[in-house]
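Some notes on the structure that comes next.
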Amino acid sequence: MYAQMVKSEATQEDPAKLAAFQSRIDADEKIEPKDWMPEGYRKTLIRQIGQHAHSEIVGQLPEANWITRAPTLERKAILLAKVQDEAGHGLYLYCAAETLGVSRDEITEMLLDGRMKYSSIFNYPTLNWADVGAVGWLVDGAAIMNQVPLQRTSYGPYSRAMIRICKEESFHQRQGYDAIRKMAGGTPDQKRMAQDALNRFWYPSLMMFGPSDKDSVHSTQSMKWKIKMNTNDELRQKFVDQTVPQAEYLGLTIPDPKLNWNDDRGHYDFSEPDWSEFFDVISGNGPCNTDRLAARNQAWDDGKWVRAGLMAHAEKKRSGTVAAE
Ligand code: FAQ
């Protein structure tokens, strides 16, 4: 329906303007907030940047759950810094979305009432410390694979936000790999926990790249506009190719009996995730969807008095009843 809406809006727009816009995209020019843009381009960006921002914010929950139980002071400090970075990523992305004419409050409300999505991966639980390592290694690893090309995306504010985010994500992936390496090289029980975390997070991580290309409704148009730089399957393949040797180095086994290096293709062959599970999770029926949205709703309600106080203060400053700082 969304794709149809974008198409019908495009037919009402001035063909000359649309052609000039596409030429700018083809010439790798950045589109800036005050430039003319097709309505479908604007809406697609709000959807993707908004979903991305919400993922960063909701994505804090599975790891924050382990800050108080991190095994050492050093691991606690690292995890705390990582989770704070995710909040920062959410904020840069909400700011980028605001340049497209939607307020942060509006898109937050769309998350809270279920009109906007966030990444499927954050609807899976982190059951133990090995899961925190697996999230950093696999989830941040998949996130970077998707985000590095987005540094070249056509919309200026999004592309600039991605440059900073990618620097931080790379530290996140390394901290996760380091945590899981410690577990994999530890006692037999620790190694078993690392393997179990890999078993549970492997397929959900592959799902992060979105449905297979044949089922991806937005890819063709988004790639034409350079909102997306690669297809979902291209990035999923790159992630598998990069991650298999890392698992081998750790002495862990990817839970896929069909995983096999294919000399002709120069890539690993691998099993597709269970796509019915993916569609179930993104329709709100994953293991943690209800908890995640309840936590975000609670945070929004609890913060109401702070937002009201800040607005009242800003209003007083504007009207001159308090001194400006
Ligand atoms: N989860 O036509 P496509 C992170 C939806 S950041 C939920 O292929 P598209 C950092 C899609 O919205 C992770 N929904 O869609 C971190 C569409 O539904 P709609 C987030 C998904 O947009 C780490 C429908 O399926 N990263 O993790 C998912 O062209 C650790 C059809 O799909 C980004 O958002 C999914 N996985 O491609 C934080 C990156 N996949 O909207 C904390 C930017 C698809 O029509 C801790 N986004 N859907 O109702 C993108 O690159 C794209 O939006 C894709 C999806 C590739 C995610």
Side-chain angles (χ1 to χ4, degrees), residues 1-6 43-66 79 82-90 93 96-97 110-111 114-124 126 131-132 134-151 153 155 158 161-162 165-166 168-173 175-176 201 203-225 227-236 239 273 275 277-284 286 289 292:
M1 201 179 88
Y2 175 86
Q4 265 170 0
M5 195 174 75
V6 167
K43 286 195 169 142
T44 302
L45 277 169
I46 291 173
R47 183 185 61 78
Q48 180 168 316
I49 299 174
Q51 173 172 312
H52 194 164
H54 298 328
S55 304
E56 302 282 356
I57 297 300
V58 178
Q60 295 176 97
L61 296 169
E63 289 176 291
N65 183 33
W66 283 90
L79 186 59
K82 178 196 191 289
V83 172
Q84 283 176 335
D85 282 353
E86 308 299 1
H89 298 176
L93 289 165
M110 286 196 259
L111 165 73
R115 278 176 291 154
M116 271 183 101
K117 295 186 168 74
Y118 56 91
S119 181
S120 49
I121 189 70
F122 302 117
N123 292 306
Y124 291 86
T126 43
D131 287 9
V132 176
V135 168
W137 172 32
L138 301 172
V139 175
D140 286 280
I144 299 175
M145 194 54 83
N146 168 282
Q147 290 172 174
V148 164
L150 289 179
Q151 295 176 106
T153 192
Y155 188 56
Y158 191 25
M162 291 319 306
I165 289 176
C166 281
E168 293 171 351
E169 291 292 10
S170 137
F171 147 68
H172 297 173
Q173 195 272 350
Q175 70 80 36
F201 276 93
Y203 287 104
S205 301
L206 297 188
M207 292 175 196
M208 285 176 70
F209 297 96
S212 63
D213 291 351
K214 64 178 175 15
D215 296 320
S216 169
V217 279
H218 304 298
S219 282
T220 308
Q221 182 61 66
S222 288
M223 286 178 66
K224 194 167 170 219
W225 277 330
I227 289 175
K228 266 170 97 162
M229 308 304 287
N230 301 87
T231 74
N232 301 352
D233 287 338
E234 279 167 10
L235 292 175
R236 194 172 3 258
F239 173 74
W275 290 118
E277 177 181 319
F278 169 79
F279 287 112
D280 239 22
V281 171
I282 68 170
S283 318
N289 296 59
R292 300 299 187 229

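Each ligand, and each atom within it, is numbered from 1 in the order the structure gives. We use all heavy atoms of the structure for the numbers below, so side chains are in, but hydrogens, waters and symmetry mates are not. Quick caveat: nothing in here was measured; it's all calculated off a predicted structure.
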Practice problem: Give the contacting part of Asn232 toward ligand 1: side chain, backbone, both or neither, where contact means a heavy-atom distance below 4.0 Å. | Solution: side chain
Quiz item: Evaluating non-hydrogen atoms only, which member of Arg236, His89, Met208 is closest to atom 57 (C) of ligand 1?
Solution: Met208
Quiz prompt | Heteroatom proximity flag, Asp215 to ligand 1, N/O under 3.5 Å | solution = no
Quiz item: Heavy atom under 4.0 Å from ligand 1: found in Val217's side chain, backbone, both, or neither?
Solution: both
Quiz item: Among Asn146, Thr231, Val281, which one has a heavy atom closest to atom 51 (O) of ligand 1?
Solution: Asn146
Self-check item: Qualifying residue for side chain to side chain donor-acceptor pair (under 3.5 Å) with Asp140, from Gln147, Gln173, Gln175, Lys82
Solution: Lys82
Quiz prompt | Donor-acceptor side-chain pairing of Gln51 and His54 below 3.5 angstrom | solution = no
Self-check item: Winner among Ile227, Ile282, Leu206 once heavy atoms are compared against atom 5 (C) of ligand 1
Solution: Ile282
Practice problem: Give the single entry among Tyr158, Phe278, Tyr118 that approaches atom 48 (N) of ligand 1 most closely by any heavy atom. | Solution: Phe278
Self-check item: Donor on one side chain, acceptor on other, Glu86 and His172, under 3.5 Å
Solution: yes
Quiz item: Which word best sums up how the rings of Trp275 and Phe279 line up, parallel for under 30°, tilted for 30 to 60°, or perpendicular for over 60°?
Solution: tilted
Quiz item: Can you say whether the rings of Tyr158 and His52 are parallel (under 30°), tilted (30 to 60°) or perpendicular (over 60°)?
Solution: perpendicular
Self-check item: For atom 55 (C) of ligand 1, the option (of Lys228, His218, Gln48) bearing the nearest heavy atom
Solution: Lys228
Practice problem: Using distance alone, decide if ligand 1 has a nitrogen or oxygen within less than 3.5 Å of any nitrogen or oxygen in Glu86. | Solution: no
Practice problem: Please work out whether any backbone atom (N, CA, C, O) or any side-chain heavy atom from C-beta onward of His52 is under 4.0 Å from ligand 1, and answer side chain, backbone, both or neither. | Solution: both
Practice problem: First locate atom CE of Met208, then atom OG of Ser120, and finally report the distance between them rounded to the nearest 0.5 Å. | Solution: 7.0 Å
Exercise. May I ask you to decide if Gln60's main-chain N or O and Glu63's side chain share a donor-acceptor pair within less than 3.5 Å?
Key: no
Exercise. Give the minimum heavy-atom separation between Leu138 and Ser205, together with the two atoms involved.
Key: CB-OG, 3.5 Å
Quiz item: Can a non-hydrogen atom of Glu169 be found less than 4.0 Å from any atom of ligand 1?
Solution: yes
Self-check item: Over all atoms of both residues, closest heavy-atom pair of Gly90 and Glu56
Solution: N-CB, 3.7 Å
Exercise. Would you check whether Glu63 reaches within less than 4.0 Å of ligand 1, judged by its heavy atoms?
Key: yes
Exercise. For ligand 1, note which part of Gln173 has a heavy atom under 4.0 Å away: side chain, backbone, both or neither.
Key: neither
Exercise. Could you tell me whether Ser222 approaches ligand 1 through its side chain, its backbone, both or neither, with non-hydrogen atoms closer than 4.0 Å?
Key: neither
Quiz item: Closer than 4.0 angstrom: is that true for some heavy atom of Pro211 and an atom of ligand 1?
Solution: yes
Quiz item: Under a heavy-atom criterion of less than 4.0 Å, does Gln147 contact ligand 1?
Solution: yes
Quiz item: Can you check whether Leu45 reaches Trp225 side chain to side chain, under 4.5 Å on heavy atoms?
Solution: no
